[in-house]
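Below is one structure, written out as structure tokens, with a few remarks after it.
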Amino acid sequence: MDFHCVMVRYGEIGIKSEQIRAKYERLLVKNIEAMLRENGIPFEDIVRERGRIFVLSGDRRAPDIIARVFGVVSSSPVAVTGTDIKDVQGTAAALGRETIGMNSSFAIRARRAGDQPYTSQEIGRMCGDAVFEAVRERNPRVDLKGPDHEIFVEMRESRSYVFSKIIKGVGGMPMGSQGKMVALISGGIDSPVAAWLMMRRGCDLIPVFFNNGKFSDKDYTERAMDTIKKLKEWAPGRTFKIYEVPHGDSLREFIDRGNVKYTCVFCKHMMYRTAIEIAKKEGAHGLITGSSLGQVASQTSDNLMIEHYRIDFPIYHPLIGLDKNEIVEIARKIGTYDISVRPATCCKAVPKHPSIHGQLEEIERIEADFDMKALARRELDGAVMTTL
Ligand code: ATP
Ligand code: MG
């Protein structure tokens, strides 16, 4: 059976006010369009109709690609017919012939929208009869509770849709509905996942990578850049502005005359300060990190507290309450995992015994002994911005 259309369902957008909803729907349509174009999938048109979006494309890849657009709850390749019940029955029967095997059970799931001469139940029964007749020689059974096959029929105002497949979408909100965020991307498993979760909630990203200079190596930078490229695949129609910030000199300075046990605390605090300057320059609304409570020394609650010392800008840690295995699961799903586990030189500035329960006095001393503002300015001045 040929499918020339993809039905797209969305969730949370639907409960917004009329105005916001229309705006978000338009964004969603734009993002679907960009996703199809970037993946070289032809389509004729995209139309919005009462809580659904229809993509006119017969390309077999279209439903899966569309399911990856943020805001999409599910997608289905659908056969389109008119509203004459005979046509609907015929289409359901054809789909039944294609999907229902020997001795198996099926159910019709019927819905209707707008004025219809039949109730959903009547549509279900009439289509069920037609399907039953179509596969009678295969000894079918009707089972509404736990059927082997489901055939969905949706009769709408001017058209009807018949389908059997529902592909789960990625969910979230349309990209671009929540402003920009600066994402601190180190290329490890966590930070790309954190950035992705915020993109899924509608944020545009400005990825920032801190290059630790002599304390690091090329492979570390490459890994971070490759995860950013992977994230870009989820951001159709967008251009990423990527900042690479020289961070090695700041670390050197701290190691030379600071309390080395606090190197990681200083490092994070410094990153925040510079990233905030980038955020202000770019009109971004916050920072995103991949911190997860207790995962490593720099992410104990004591250290997180002092790292945020005197920072008056929103910093989001979307992984804070997740376990590592949950983070890994998302990383695999979004395609960054294989890149993130590539061996790379770990940071050579990490002290042998980093502080785990950082003290407030220490960060106060850091603030007094180091001109953080000047250091942040120097890092910002040395930053290189590229586009992707
Ligand atoms: P990840 O798994 O994301 O690499 P991590 O587990 O190694 O992080 P930390 O080094 O403590 O943990 O970093 C915590 C967060 O700080 C990271 O998730 C990331 O958001 C940010 N970060 C750390 N290093 C860098 C870097 N070199 N460039 C940009 N951001 C960084
Ligand atoms: Mg981590």
Side-chain angles (χ1 to χ4, degrees), residues 181-199 205-228 230-231 240 242-251 262-279 286-308 311 315-320 322-328 330-332 334 336-351 354-356 358 379-380 382-384:
M181 294 276 173
V182 162
L184 276 65
I185 306 282
S186 59
I189 296 171
D190 306 306
S191 47
V193 171
W196 183 87
L197 285 173
M198 295 296 274
M199 274 208 281
L205 285 195
I206 300 161
V208 174
F209 169 71
F210 287 86
N211 190 325
N212 294 338
K214 293 212 173 66
F215 299 102
S216 182
D217 227 327
K218 208 168 83 242
D219 51 6
Y220 187 71
T221 307
E222 277 168 8
R223 201 177 67 172
M225 293 304 160
D226 287 349
T227 58
I228 293 170
K230 195 39 102 178
L231 288 175
F240 276 179
I242 305 166
Y243 282 84
E244 186 175 340
V245 182
H247 196 50
D249 287 349
S250 305
L251 290 175
Y262 280 78
T263 305
C264 298
V265 170
F266 166 85
C267 172
K268 267 313 115 54
H269 188 61
M270 190 69 245
M271 279 184 193
Y272 290 167
R273 285 188 171 267
T274 307
I276 288 167
E277 293 310 312
I278 295 173
L287 310 185
I288 307 167
T289 88
S291 296
S292 162
L293 194 61
Q295 196 190 77
V296 289
S298 63
Q299 296 166 20
T300 59
S301 58
D302 312 62
N303 284 350
L304 281 167
M305 181 180 80
I306 63 173
E307 282 156 19
H308 287 74
I311 299 258
I315 303 182
Y316 297 99
H317 310 285
L319 310 183
I320 201 73
L322 296 191
D323 287 351
K324 192 74 188 189
N325 59 340
E326 293 168 317
I327 299 167
V328 164
I330 303 173
R332 286 188 198 280
I334 68 176
T336 54
Y337 183 78
D338 289 342
I339 304 169
S340 293
V341 294
R342 247 162 44 191
T345 320
C346 51
C347 179
K348 288 180 240 164
V350 176
S355 79
I356 292 170
E379 289 200 343
L380 185 65
V384 176

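Counting starts at 1 for both ligands and their atoms, following the listed order.
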Can you list the residues that meet the side-chain contact (heavy atoms from CB on, under 4.5 Å) rule with Lys214, with sequence neighbours excluded?
-> none
Nitrogen or oxygen of [X] less than 3.5 angstrom from that of ligand 1:
X	value
Leu184	yes
Asp190	yes
Phe210	yes

Indicate the ring-plane relationship of His308 and His317, choosing parallel, tilted or perpendicular according to the 30° and 60° boundaries.
-> perpendicular
Check ligand 1 against [X] and write out every atom of the ligand that is under 4.0 Å from a heavy-atom position of the residue.
X	value
Gln295	6 (O)
Ser298	11 (O)
Val296	11 (O)
Ile189	2 (O)
Gly188	1 (P), 2 (O), 4 (O)
Thr289	20 (O)

Test Tyr220 against Phe209 for ring-ring contact (aromatic ring centres under 6.0 Å, His included), laying out the working first.
-> CA-CA 10 Å; Tyr220 187 71; Phe209 169 71; 5.7 Å; yes
Is a side-chain donor or acceptor of Asn211 paired with a backbone partner of Gly213 at a separation under 3.5 angstrom?
-> yes
Closest to atom 23 (C) of ligand 1 among Ser186, Cys347, Ser340 (heavy-atom distance) | Ser186
Yes or no on salt bridge (charged side-chain N to carboxylate O under 4.0 Å, His left out) for Arg332 and Asp338, after CA distance, side-chain angles and deciding distance?
-> CA-CA 7 Å; Arg332 286 188 198 280; Asp338 289 342; 5.1 Å; no
Determine, stepwise, if the pair Arg342 / Asp226 fulfils salt bridge (charged side-chain N to carboxylate O under 4.0 Å, His left out).
-> CA-CA 11 Å; Arg342 247 162 44 191; Asp226 287 349; 2.8 Å; yes
